Amino acid sequence: MPTVLRNISEIRRYFHRNEDPVYFISATNFNLLGLDEWVKNFKYICYIDCYGGKHPNVFCPSEQPHAEFQSIEDINNYLLQHKEVIDYIKRRGGKPKFVFLMFDEETERLSKELGADVWFPKAKLRTKMDNKIETVRIGNKAGVPSVPNVLAEVKSYADLKKTCEKAGIGHDLVLQSAFGDSGHTTFFIKSEADFRRHEHEIVGEGEIKIMKRIDCRGSAIEACATKEGTIVGPLMTELVGFKELTPYRGGWCGNEILSTAFPPKVREKARDLTFKFGEQLRKEGYRGYFELDFLIDKKTGDLWLGELNPRITGASSMTNHAAFAHADAPLFLFHLLEFSKRKFDLDVDELNARWADPDMIDSWSQMVIKHTEDTVDICTAAPETGIYKMLEDGRVVYDRFDYHRRAVESENEAFFLRILQPGDYRYEGADIGILVTRGRSMTKGFQLNERAKKWIHGIKKSVDGKPLPVANAGPALADPAFKIL
């Protein structure tokens, strides 16, 4: 009989001696950066080689002909059918375990063919939970309130007005369809003209979440629902819609983690509501990693549930690198533990209380830098992955190769993870890369600070492109309908 794991030390040792291969399969390894150093036999299988072949645990197969990708699921399904990937997994042997950022039922089928276990709840359950309408309902059951809203089909602007009058939420509105990325499927409607602009994306889309518009600040918090209870990470700020980083109004473009980002009462309330939501998710049959967005009313300080992401997210690399993760274990380790079927007996309340201590949180920021101009060309040069320095005159220069975020020693250094490769199309909204710095990237008023602007400018200045051949100009203008992070 294997012994029950009773403390953090035993859990860490268990993964340090892990024998079964665990693979994170995705476009890049960004979301679970550094996890390979906590789990023996943990490897990344990626479509984009952000490291030019220099990362010892990243495997990128050669490019094969494929249909145009429409989603991250398409990328993963392509990888799972790639001969080099199949050979790599078989060569390494053992009983493989797969984790993904996104997957669907086809991914599950392909994983089964390879004899692998998917260490996440079923795709069908994740899809149900990912529905923004369902999130409101789960929140209501858990006692986690959403912004005053009504869930209804919208047939016309007159119909929308009537629905809102009945619900008493006014006419300055935010509409969200059931699925999709916040930068693309959130609509700000104050007039009939606003409605007309987005009518084709609202009418005929089934039930829509219609919210009263509030003046709020975005925040993110990650957690893991385990059989012992819900383990809750720190509350992070969100960078949203900054024109220097993203062309999408309302589009996520980064996070900060710091102990004083929000007043203690707000942090405590967010942790409490996240725990309650996680306990309700367990009742719904969901377990493992998830993220909640909370909207914090600037006037009242009230906390409202924004959305649920039933998976790892773009913020996961922040959560899993925080000081508490180095002191105890990364949050994602508890996800792996939950799916390993290994028995463990943890005092979740004690762990959550410890992780709520401000001393457990150090200050970091990440910015997702996109091409923000309305142009299309072919990238000829892009900054390499590694450590960059900001000189006294504000110039940003490449210092050395590294794939560790912790190699950043001061606020004048940053880790950059390259996404855009020479030869790729550079179009409006294309990801250039992720920049990780110590300290804040925003002011106390939650605007980009001058240092962040210099970093962004310095990185963007290192990107170059050449005009498209005329024959290619048409299709290249198509903006991918998904983000890879």
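Atom set for the values below is all heavy atoms of this structure, side chains included, hydrogens, waters and symmetry mates excluded. What you see is a predicted model, and the numbers here were worked out from it, not measured in a lab.
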TODO: Work out which heavy atom in H198 is nearest to a heavy atom in I189; give both atom names and the distance.
DONE: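 Shortest heavy-atom contact: CD2-CD1, 4.2 Å.
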- [ ] List the atom of V147, the atom of I214, and the distance in Å for their closest heavy-atom pair.
- [x]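 Looking at all heavy atoms of both residues, the shortest contact is CG2-CD1, 3.9 Å.
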Does the side chain of [X] come under 3.5 Å of the side chain of [Y] through a donor N or O and an acceptor N or O?
{"X": "S146", "Y": "K209", "answer": "no"}
{"X": "T107", "Y": "D104", "answer": "yes"}
{"X": "D302", "Y": "W304", "answer": "no"}
{"X": "N18", "Y": "K40", "answer": "no"}
{"X": "N29", "Y": "Y403", "answer": "no"}

For [X] and [Y], I'd like to know if the aromatic rings sit close, meaning centre-to-centre distance below 6.0 Å.
{"X": "F69", "Y": "Y47", "result": "yes"}
{"X": "H404", "Y": "F415", "result": "no"}
{"X": "Y289", "Y": "F332", "result": "yes"}

Task: Pairs involving residues 221-239, ordered by first then second residue, that meet salt bridge (Lys or Arg N to Asp or Glu O under 4.0 Å) (sequence neighbours left out) - done: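 Salt bridge (Lys or Arg N to Asp or Glu O under 4.0 Å) check on residues 221-239 returns no pairs.
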- [ ] Going by the salt bridge (Lys or Arg N to Asp or Glu O under 4.0 Å) test, name the single residue among R438, R451, K389, K454 that passes it with E411.
- [x]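 With E411 as partner, R438, R451, K389, K454 yield a single salt bridge (Lys or Arg N to Asp or Glu O under 4.0 Å), made by R451.
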Open item on the list: Does W355 form a ring pair (Phe, Tyr, Trp, His ring centres under 6.0 Å) with F324? I'd like the steps, not just the answer.
Closed with: CA-CA 6 Å; W355 284 14; F324 71 80; 4.2 Å; yes
TODO: Go through R12 and W38 one step at a time and tell me if the side-chain contact (heavy atoms from CB on, under 4.5 Å) criterion holds.
DONE: CA-CA 8 Å; R12 286 166 66 140; W38 289 88; 4.0 Å; yes
- [ ] Could you walk me through whether H335 and I312 pass the side-chain contact (heavy atoms from CB on, under 4.5 Å) test, one step at a time?
- [x] CA-CA 10 Å; H335 174 97; I312 52 172; over 6 Å; no
Open item on the list: When you measure from the centre of the six-membered ring of F339, is the NZ or CZ of K97 closer than 6.0 Å and no more than 45° off the axis?
Closed with: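 Not flagged: K97 not positioned over aromatic ring of F339.
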TODO: Only counting residues at least two apart or in another chain, list the ones meeting salt bridge (charged side-chain N to carboxylate O under 4.0 Å, His left out) with K141.
DONE: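 Residues passing salt bridge (charged side-chain N to carboxylate O under 4.0 Å, His left out) with K141: E284.
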